[in-house]
Amino acid sequence: MLDRIRQSLASFTPAERRVAEAVLDTPSTAITWSISDAARIAKVSEPSIIRFCRRLDCDGFPDFRLKLAQQLAKHQPAPQPLARPGSGNDDPLAAMVDDIFQRAGQAIEEARRDLDLGALRAAVAMLDKARRVDIYGYGSSGFMASEAQHRLAALAIPAVAYSDPTLQMHSAPLLGPGDLLFVLSFSGLTSYLISNIEIARKAGAPVLAISPKGSIVASLADVNLNLNAYRQSSGRMAVPTGRVAPMYVLLDALFAAMAEEMGGEH
């Protein structure tokens with residue numbers, strides 16, 4: 001499917017080409033989009049999405065997502081089995097622990113490759129000039145929002161973390177051009193966050209996000225720090241290390257850069 005999209009780029013209409021480029025940019029995220037998500041991210045109409053799918057001999061957008069997901073699954077590396085007695089590690093618990101640490105390390109390396117230093121510099125500038133920072137997260141990212149609040153407090157930057165969608169809804173319209181909305185999202189698709197981001201944007205607040213590249217949250221942000229937390233997964237990875245560890249490190253990088261920008265005053 002991806003090869004066919006690339007081969008067909010020259011024959012697509014401008015609208016279809018925008019859809020193709022959005023899909024090629026983040027295929028693993030595209031399989032989670034609704035048709036309205038795809039239209040918003042590619043900045044085209046929903047009929048353009050349908051025409052794009054039909055050009056690829058798909059019955060519609062759900063059929064296109066299914067075929068794309070099937071192709072991605074074929075190229076997904078198989079998870080390595082736990083070491084068994086006689087395979088070099090006789091302790092299954094040690095093997096499991098080693099596996100988790102290895103996956104966390106790999107996720108951090110991937111996050112570094114994804115990080116755009118230009119976006120990081122822009123994020124530092126946004127935080128530096130903000131009169132007030134409201135931080136939104138939900139679920140696991142809500143926990144990380146509290147961590148970001150503590151980091152900003154250490155830099156003497158006024159900030160409040162909100163993980164409750166109702167409180168976010170009340171805070172969003174109070175933000176203005178001199179403030180900053182900082183959004184953390186592992187999926188980039190959480191409907192609560194999306195609606196509250198839109199409220200803050202209408203109030204004139206700039207938006208900084210940490211979310212997957214090509215996600216809806218990323219498309220709504222003025223600056224997005226890419227964190228493709230769901231790029232790889234396996235059924236056995238039942239702990240959030242592969243998502244949380246990279247965000248911790250990314251926050252480390254962001255706030256270390258902030259401290260450097262502020263001249264080490266804090």
Side-chain angles (χ1 to χ4, degrees), residues 37 40-41 43 115-227 229 244 246-266:
D37 295 337
R40 173 160 37 179
I41 290 167
K43 296 181 172 62
L115 180 58
D116 182 327
L117 294 182
L120 182 63
R121 291 187 180 96
V124 169
M126 293 176 78
L127 286 164
D128 188 47
K129 69 180 182 181
R131 173 181 58 199
R132 154 189 172 188
V133 181
D134 278 11
I135 312 166
Y136 291 0
Y138 185 72
S140 296
S141 60
F143 169 76
M144 296 304 299
S146 296
E147 176 67 18
Q149 177 186 348
H150 292 310
R151 306 283 189 96
L152 287 169
L155 295 170
I157 296 175
V160 179
Y162 297 97
S163 58
D164 185 294
T166 302
L167 294 177
Q168 293 172 6
M169 184 175 62
H170 287 303
S171 90
L174 302 178
L175 295 170
D179 304 315
L180 178 65
L181 175 58
F182 186 13
V183 181
L184 310 179
S185 178
F186 288 115
S187 71
L189 299 169
T190 307
S191 58
Y192 294 120
L193 290 176
I194 292 167
S195 60
N196 289 324
I197 292 169
E198 290 174 333
I199 293 172
R201 284 176 59 87
K202 288 179 182 177
V207 180
L208 168 63
I210 296 178
S211 69
K213 182 178 181 181
S215 66
I216 301 176
V217 168
S219 72
L220 292 172
D222 296 285
V223 173
N224 184 69
L225 300 178
N226 300 327
L227 184 67
V244 175
M247 187 173 283
Y248 261 116
V249 175
L250 187 51
L251 289 174
D252 278 341
L254 175 60
F255 294 125
M258 275 292 303
E260 185 72 18
E261 178 70 17
M262 299 169 71
E265 296 177 5
H266 303 285

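Since the model is a prediction, treat every value here as computed from it, not as a measurement. These values consider heavy atoms only, across backbone and side chains, with no hydrogens, waters or symmetry-generated copies.
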Verdict with reasoning, V133 to I135, per side chain to side chain contact (heavy atoms under 4.5 Å, CB included)
CA-CA 6 Å; V133 181; I135 312 166; 4.0 Å; yes
What are the two closest non-hydrogen atoms of [X] and [Y], and how far apart are they?
{"X": "V244", "Y": "M144", "answer": "CG1-SD, 3.8 Å"}
{"X": "N224", "Y": "S211", "answer": "OD1-OG, 2.7 Å"}
{"X": "L152", "Y": "A159", "answer": "CD1-CB, 3.6 Å"}

V207 side chain near L220 side chain, heavy-atom distance below 4.5 Å
no
How about I210 and N226: do any of their side-chain heavy atoms sit closer than 4.5 Å?
no
[X] (side chain) donor-acceptor with [Y] (main chain) under 3.5 angstrom:
{"X": "S215", "Y": "A218", "answer": "yes"}
{"X": "Q149", "Y": "A161", "answer": "yes"}
{"X": "Q168", "Y": "G137", "answer": "yes"}

Residues in salt bridge (charged side-chain N to carboxylate O under 4.0 Å, His left out) contact with R201, at least two apart in sequence or another chain:
none
Can you name the salt bridge (charged side-chain N to carboxylate O under 4.0 Å, His left out) partners of D164, sequence neighbours left out?
none
Among all residues two or more places apart in sequence or in another chain, which pass the side chain to side chain donor-acceptor pair (under 3.5 Å) test with E147?
R151
Contacts of S171 meeting side chain to side chain donor-acceptor pair (under 3.5 Å) (sequence neighbours excluded), chain-then-number -> D134, Y136
Does anything in [range] pair up under ring pair (Phe, Tyr, Trp, His ring centres under 6.0 Å), and if so which pairs, sequence neighbours excluded?
{"range": "residues 197-225", "value": "none"}
{"range": "residues 141-168", "value": "none"}
{"range": "residues 190-225", "value": "Y138-Y192"}

Side chain to side chain contact (heavy atoms under 4.5 Å, CB included) evaluation trace for V217 with L189
CA-CA 7 Å; V217 168; L189 299 169; over 6 Å; no
With sequence neighbours left out, the residues meeting side-chain contact (heavy atoms from CB on, under 4.5 Å) with S219 are I41, I216
Sequence-distant partners of A119, side-chain contact (heavy atoms from CB on, under 4.5 Å), two or more places apart
D116, V223, L225
Going by the salt bridge (charged side-chain N to carboxylate O under 4.0 Å, His left out) test, which pairs reach into residues 215-226, not counting sequence neighbours?
none
Test: salt bridge (charged side-chain N to carboxylate O under 4.0 Å, His left out). Region: residues 186-198. Which pairs qualify, not counting sequence neighbours?
R40-E198
Going by atom type alone, with no hydrogens or angles, which donor-acceptor pairs under 3.5 Å involve a side-chain atom of residues 176-186 and a protein atom two or more places apart or on another chain?
| unit_1 | atom_1 | unit_2 | atom_2 | d |
| --- | --- | --- | --- | --- |
| D179 | OD1 | R131 | NE | 3.0 |
| D179 | OD1 | R131 | NH2 | 3.2 |
| D179 | OD2 | R131 | NH2 | 3.2 |
| D179 | OD2 | G176 | N | 2.8 |
| S185 | OG | G188 | N | 2.8 |

Here the gap from L254 atom CG to R121 atom CZ, rounded to the nearest 0.5 Å, amounts to 13.0 Å
